[in-house]
Amino acid sequence: MKRFVVTAWIAVMCLPVLSACWNQKELTDLAFVMAIGVDKGKDKKFNVSFQIVIPGNVSLMQGGGGQGLPIAIYSSSGDTLTAAARSVTKKVSRRLYYAHTNLIVFSEEIAKNGILNIMDALDRDPEFRTTTQMVIMRGTPAEVLVSSLANLDKLPVNKITKEIKATEAMLGENMQINIDDFLAGLVSDGIEPVVNGFRVTGDIEMAGKAEDLQNTKTKAILAADGLAVFKKGKLIGWIEHEKARGVVWILNKVKSTDVNINWNGKKKAISMVTIRTKTMVSAKVKKGKPVIQIAIEDEGWISEANTDVDLTNPKEIEKIDKLVEEEIKKQILTTVKEAQKMKSDIFGFGERVHRKDPKLWKKIKSNWDEHFAELEVNVKVDSYTRREGIRTNPYWKDLKQ
Amino acid sequence: MSILSKMLKNKQKKRQNDNYRQQQDPQKPEEQVILRSYLDNVSRIKGELGNSTDLVFREFTICQHKGTVVYIDGLADEKLICDFFIESLSDEEFDSRQEPFQVMADKAVGLGSLQIATEWNQVFDSILSGNTIFFLDGYNKAINVETKGWEMRAITEPSTQLSIRGPKDAFTETLRVSTAQIRRRIKSPNLWLESMKIGMVSQTDIAIMYLKGVANEKIVKEVKERLKRINMDAIQSSGHIEQLIEDQAWTTFPTTYHSERPDVVTSHILEGRVAIIVDGTPFVITAPAVFIQFFQAPDDYYSRFDISTGIRILRILSFYIAIIGPAIYIAGTTFHQEMIPTTMAIAIAAQRENVPFPAFVEALIMEVTFEILREAGLRLPRAVGQAVSIVGALVIGQAAVQAGIVSPVMVIVVSITAIANFSTPSFAMAIAARLIRFFMMGLATVLGFYGVMLGLMFLSIHLCSLRSFGIPYMMPIAPFNLRNQQDVFVRFPVWAMKNRPKFISKGNMVRTGENQKPGPKTKPDDQGPKGES
């Protein structure tokens, strides 16, 4: 027994000395891939561009640092994503490292042809995170977005991901959609995924140039633009602006936004900003047909009143609330119509029906898209004005007198 | 491990056989007897002690009997002896009918506690511990008076265990002073003190103190037995004793506690522990010791419970940092880059861009440098100490970063580890963490966080296997005991610490009486509505 213990001890002590360092990789031997762009290739299927961060130029250190460009773009082509990712190592001196990838961009062309051939690689790779944000590049190749620079954020990828986040929080026309969300929408019955759209406008050539950052107003402008509607892994259309907000609203992702209403015949006279909002979607079955009920509760404050209105009067406030409710309802309904036109159930109404009446769902599941297009959708909005900012009545009231 | 211990055992046996035989041999009985002629006695002492020059002989006459007094210069209180001669012997008439030895003994009582010695062993022991021996011609016995009085260091402030609110006295090298310091704090007849001499050559005085009726009799017996088992030529400090009475020699963790603060030792005695006081060392050992005890600082008990609880948790956290701080850095930067937030990963990568070494070597360089600095700072004469700290700040600081040897993050990691290490109240525990840190760094280099986890698991198993005088080292955490959690991670309010820790003390368990919670006390008749009284 003693002999065994001694031998075992010596063997264990040898272990750290003799064994190689399992999976060890020094930080300085890694190339951090921040963003990946997928375009249609010429000879091969895909043309993939990798945005690699140059740490020395990003981090603020004494003496030097932040002098050169923060990123470098390497691209390669391949018939699969893996092939492209492997062949790019011919061009990079370091091991590509995907754990910090924050963004994956698909060109509109790729998306229209279907991205099912790409998603598995992203889902399967242990290094790559499925919390990576997805974006569809509109108009220009994905490489343009991947290689573009940003002036406010040191890391250009942060500009895109943070912008989506900020839009979701303040406007509600876009929402954070990562690979996980997309795949969940893709494989579930009764719901289809949406993906954020991005567009570079202005002088596209300037997007990847440092000199553009010398301008206070950059010549190339990167902006989130619309939500891409997918069906069976293929891009089938876009939902824009306020209709996009309707999608986000139905999906209960709106945190804050603004709703404008007419007053005294003046268009968009009063602006209400949402503080809290909650959407509840439920299904009912009426005469053997599913009916969707959308109930929205909305609380807000009046951020602008450009007309003569007595905000101290509860009755007036009630009237404002009514108008806001109607406005929201109108927008939600146009959004639903838009989606119904595309026959893509991006709201997950099918799931609601499934939960409400599984038997019915089994019957209509196979041609749900048709049912969805003709679905009866009722919207009920309850809006409450909670406060009026730091002023009660607008100066318009005094001007009148 | 076992090979080593076997070798040690063999060696020990050999040494016992060769070296110590003469000393262990009992002297022959006829040599033990004190001679009648005082001159023969004097020459015997001179012969035995090699005519050492610090031996003092003074001849005197009492009742027409010649005699001599023997003591060691510096150990015995010379002034006391001189005064004694002047007052008692020189100018008094003695009744010749009285027995001279008796007269002498009666007089000498005034000097100090007195014994009649008949054997040489006793005589030598006494002389060497500062007593004075009176030989009288014609008697084969001697008067042995306690006249200990040597130069000793005054009681000063503790230098290693500082406290903000606590008492400011520390033990000194003198055993008697130390025992008195404890006695002054526990004025109970139940505070028992037992003495023994350990060390065949050094004959070091050792005292064990415990509270009878509170301390576990079994532990007291075990402590005594272990002390008696010690068979060494000299005990130079309590550190020696500590290493000889431990349960487990193969560990970096201290299994006995030592303190230079009388208040700490007193509180340990009150909890049922046994204190071992060694002459010549200002550090008193208390046993048994449990792991959590090394994170309890005296100030924990002098400040309010909420504050001390927070601080104690901070200390335990910093102990973890001291152990795995650099290991986490190594594992994080070489294995688990995905776990570092993106911006930070890029920042660290940027800093490491110009560092030529892998993270482990970088960490090793810095840690070793720091350990060298710390060791140098401890050993250097005080006058040079400042120079070391100036140079040290250069070595582990901006200069090292600018030279491109290490990255700034590494400097921060090393610094936080060092500071965290210093926050452990017990030096013995802090030093254990220092050693384990390197072990963890090695594991982190080879296996990443997996290795760190393995290391921590190994450490917990090891800690749980340790015992201190039969008591599990991790008590009361493992084995978990709910009733004894009053002073572990959360320090209960003083009024809520009702009982002594059950795993240490046996017998009288009650520490705090009932209804000790402070607050305005309501009298029974106050409970009715106002104005009724």
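Chain letters run A, B, ... following the sequence lines, proteins first, then strands; residues in each count from 1. Every value quoted in this text rests on a predicted model; they were computed, and no experiment measured them.
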Handout entry: Region of B/Ala345 in contact with chain A, defined by heavy-atom distances below 4.5 Å
Key =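 It is both, since atoms from each part get that close.
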
Handout entry: Region of B/Phe458 in contact with chain A, defined by heavy-atom distances below 4.5 Å
Key =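 Just its side chain gets close to chain A.
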
Exercise for the section: For A/Asp212 and A/Thr218, indicate whether the former's side chain and the latter's backbone hold a donor-acceptor pair under 3.5 Å. Expected result: no

Exercise for the section: Name the region of A/Ile54, side chain, backbone, both or neither, that has any atom closer than 4.5 Å to a heavy atom of chain B. Expected result: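 Neither part.
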
Problem - Atom group of A/Tyr98 that falls short of 4.5 Å from chain B, counting heavy atoms - result: neither

Problem - Identified side chain to side chain contact (heavy atoms under 4.5 Å, CB included) counterpart of A/Gln51 within the set A/Leu145, A/Leu155, A/Val157, A/Thr101 - result: A/Val157

Practice task
Test A/Asn102 against A/Met34 for side chain to side chain contact (heavy atoms under 4.5 Å, CB included), laying out the working first.
Solution key: CA-CA 6 Å; A/Asn102 272 343; A/Met34 299 308 294; 4.3 Å; yes

Exercise for the section: In sequence, state the C-alpha distance, the side-chain angles, and the governing distance for A/Lys154 and A/Asn158, and then conclude on side chain to side chain contact (heavy atoms under 4.5 Å, CB included). Expected result: CA-CA 8 Å; A/Lys154 269 265 169 192; A/Asn158 281 353; over 6 Å; no

